[in-house]
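Both counts, for ligands and for their atoms, begin at 1 and track the order of listing.
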Amino acid sequence: MIKNEIAKNLTAIKKELKTAQLIAVSKYSPVEDVITAYKSLHYDFGENRVLDLKEKAEAFVEEGLNKVHWHFIGHLQSNKVRELFKIPNLYAIHSVDSLSLLEELIKRENDFVGSELKIFFQVNTSHETEKSGFETAEELNRAIDLLMSRTHSKLKFYGLMTMGSIRTTEFEIEATRCFRDLNLIARNLEKVHGLKENLKLSMGMSQDYKLAIDAGSDFVRIGSAIFKSHIT
Ligand SMILES: *Cc1c(COP(=O)(O)O)cnc(C)c1O
């Protein structure tokens with residue numbers, strides 16, 4: 001992709017963000033495009049496959065680009081956790097979608113090469129069957145209790161993630177409902193678990209990030225609107 005187009009897209013999107021932070025989802029892009037974004041002073045990137053993330057993260061290390069924060073945003077299989085934990089500059093996992101996956105992360109915690117890893121629990125607010133995520137408050141509460149009971153853990157309970165509905169004609173109304181739901185769930189969990197800091201909300205993609213921001217998003221995850229050329 002043309003270099004200044006990436007920088008231009010990043011600048012245009014950042015103007016719309018209010019207080020939310022931007023995760024540039026680089027999963028469609030070759031590492032050269034990601035480096036272009038980094039050189040325009042953007043440091044947070046999202047990937048949804050462990051192998052792709054590993055390749056890009058290692059290329060960044062070779063180039064000495066060490067300010068990068070990698071966000072893992074895809075469905076994570078338990079047998080990939082060890083590989084993921086070895087990746088340099090891994091900053092957060094947005095997609096912890098079950099108690100059993102959390103248990104695996106805890107079991108493998110000592111393989112993690114960094115000092116702190118931010119954990120978001122993914123909630124299936126749209127209840128679409130093809131989406132992952134916690135479905136019940138009971139399972140989510142058990143996961144939170146487990147994570148918070150570990151006082152010296154590198155894994156830090158940081159927030160909640162969701163995806164808006166896709167399979168709907170009135171996607172704006174439905175997506176807004178999903179985002180507002182996540183906000184309500186977070187505010188409720190803060191009370192129930194006596195949290196001192198607000199939970200962060202990871203929600204909003206290229207097609208619905210403005211709705212997510214209006215509903216209180218802290219992290220939007222945007223890929224195609226940054227990295228896919230509009231002149232195709
Ligand atoms: C791909 C992906 C995104 C970004 O999607 P775009 O529509 O390209 O902005 C955001 N979140 C998750 C979980 C993704 O897999």
Report yes or no: do S153 and E109 form a side-chain donor-acceptor pair below 3.5 Å? yes

Of R221, H75, M203, H94, the one whose closest heavy atom lies nearest atom 10 (C) of ligand 1 is R221

Under a plain distance cut-off of 3.5 Å, with no hydrogens placed, do S126 and E174 share a side-chain donor-acceptor pair? no

Exceeds 12 heavy-atom contacts within 6.0 angstrom, atom NZ of K14: yes

For I222, the atoms of ligand 1 under 4.0 Å from one of its heavy atoms are 9 (O)

Does any N or O atom in M163 lie less than 3.5 angstrom from one in ligand 1, N or O only? no

Show which atoms of ligand 1 fall inside a sub-4.0 Å distance from at least one heavy-atom site of G223. 4 (C), 6 (P), 8 (O), 9 (O)

Indicate yes or no: does an N/O atom of K27 lie under 3.5 Å from an N/O atom of ligand 1? yes

Number the atoms of ligand 1 from 1 as they appear, then name those within less than 4.0 Å of a heavy atom of Y28, with their elements. 1 (C), 5 (O), 6 (P), 8 (O)

Give a yes or no on whether the ring-centroid distance for F157 and F120 is below 6.0 angstrom. no

For S165 versus F171, what's the shortest heavy-atom pair and its separation? O-CB, 4.4 Å

Heavy-atom contacts with S206 under 4.0 Å: which atoms of ligand 1 show up? List them by number with element. 6 (P), 7 (O), 8 (O), 9 (O)

Closer than 4.0 angstrom: is that true for some heavy atom of F227 and an atom of ligand 1? no

Distance-only side-chain donor-acceptor flag, H127 / E135, under 3.5 Å: yes

Going by distance alone, is a donor N or O of one side chain under 3.5 Å from an acceptor N or O of the other, for N48 and H75? no

Where ligand 1 meets S224 - atom numbers and elements under 4.0 angstrom, heavy-atom basis: 6 (P), 7 (O), 8 (O), 9 (O)

Measure the distance from atom 12 (C) of ligand 1 to every protein heavy atom, then report the residue, atom name and distance (to 0.1 Å) of the closest one. I73 CD1, 3.5 Å

